[in-house]
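Positions are given from 1, in the same order as the sequence printed here.
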Amino acid sequence: LCLYYKLLQSERKESCFALANDLHCATSAFAFAVDIVCPANSRFGLMSRELYQADTIAIIILGALNDEKGILSSLARERCDPALLEFRRHPGSNIIPTGGWGKHFNTTRQPHGYYLREYLLANEIPAQAIVECVTSSNTIEDAKLCRPIVERHGFRKLIVVTSDFHIARARLLFSREFSDLQIEFSA
């Protein structure tokens, strides 16, 4: 830039225009290189674009209760509703319902995640957006059993949906299991 300024001062216009073109090419190449080496939201924080495409986002719904007929409790529906909002905020994302069987939350023949899936389908979530159900019986298993599914699908960002009183526990367990991914929590 100093050389460019000196050439402008000396009225050597031809050299000035050639240098300006070289500078433009060099800065474009530099910006392109930085964009590749230091993508958005990287540890270097050089860019502000959204790094995660929707198809690399998984919305994980933590299970709650259903009755002996498979009807979701209000708590379970209250966990599904924010997941519906998150899905609409991130079109193209995927949903992982959790919950298997247990005396304290589901004694039916189907896993609890099946009833979450049915609720999501009834609320116009496309079937292809709902990936495998995690047949877990507690939050520790939710986190551990989600790991192979997350890896198999190549998800890079997780949005864990639970109840507000349960976020601290979910944050502890999911942050430990997925320390390599970006995780958000929603209630």
Flag for Thr139-His166: side-chain donor and acceptor within less than 3.5 Å: yes

List the atom of [X], the atom of [Y], and the distance in Å for their closest heavy-atom pair.
X: Glu86; Y: Ser186; result: OE2-OG, 3.3 Å
X: Ala187; Y: Pro82; result: C-CG, 3.6 Å
X: Asn138; Y: Ile140; result: OD1-N, 3.1 Å

Salt bridge (charged side-chain N to carboxylate O under 4.0 Å, His left out) with Arg152: which residues, sequence neighbours excluded? Glu132

Quick one: list whatever passes salt bridge (charged side-chain N to carboxylate O under 4.0 Å, His left out) with Glu141, sequence neighbours left out. none

Residue among Val134, Val161, Ile183, Ile96 satisfying side chain to side chain contact (heavy atoms under 4.5 Å, CB included) with Ile60: Ile96

Just wondering, do [Y] and [X] contact through their side chains at under 4.5 Å, heavy atoms?
X: Pro97; Y: Ile130; value: yes
X: Asn66; Y: Ser73; value: no
X: Leu181; Y: Val150; value: yes

Side-chain heavy atoms nearer than 4.5 Å, only ILVMFWY residues, links allowed to pass through others: does that put Ile149 and Leu145 together? yes

Would a distance-only check, ignoring hydrogens and angles, find a side-chain to backbone donor-acceptor pair under 3.5 Å from [X] to [Y]?
X: Arg156; Y: Gln182; result: no
X: Ser93; Y: His90; result: yes
X: Thr98; Y: Gly63; result: yes
X: Asn106; Y: Gly100; result: yes
X: Trp101; Y: Ser137; result: no

Going from [atom1] on [X] to [atom2] on [Y], what distance comes out if it is rounded to the nearest 0.5 angstrom?
X: Ile61; Y: Cys133; atom1: CD1; atom2: SG; result: 10.0 Å
X: Phe155; Y: Ile59; atom1: CZ; atom2: CD1; result: 9.5 Å
X: Phe87; Y: Ile159; atom1: CZ; atom2: CD1; result: 11.0 Å
X: Arg79; Y: Ser74; atom1: CZ; atom2: OG; result: 11.0 Å
X: Thr108; Y: Lys69; atom1: OG1; atom2: NZ; result: 13.0 Å
X: Asp142; Y: Ser136; atom1: CG; atom2: OG; result: 3.5 Å

How does the hydrophobic cluster around Phe105 look, that is, which other residues are in it when side-chain heavy atoms under 4.5 Å mark a link? Leu65

In residues 116-127, what donor-acceptor pairs under 3.5 Å come from side-chain atoms, sequence neighbours left out?
residue, atom, partner, partner atom, Å
Tyr119, OH, Asp81, OD1, 2.8
Asn123, ND2, Tyr119, O, 2.8

Tell me, with the steps shown, if Leu62 and Phe174 meet side-chain contact (heavy atoms from CB on, under 4.5 Å). CA-CA 11 Å; Leu62 302 188; Phe174 275 84; 3.7 Å; yes

Across all chains, not counting sequence neighbours, the ring-ring contact (aromatic ring centres under 6.0 Å, His included) partners of Tyr115 are none

Pairs where residues 162-187 contributes a residue and the test salt bridge (charged side-chain N to carboxylate O under 4.0 Å, His left out) is met, not counting sequence neighbours: Lys144-Glu177, Arg147-Glu177, Arg147-Asp180, Lys157-Glu184

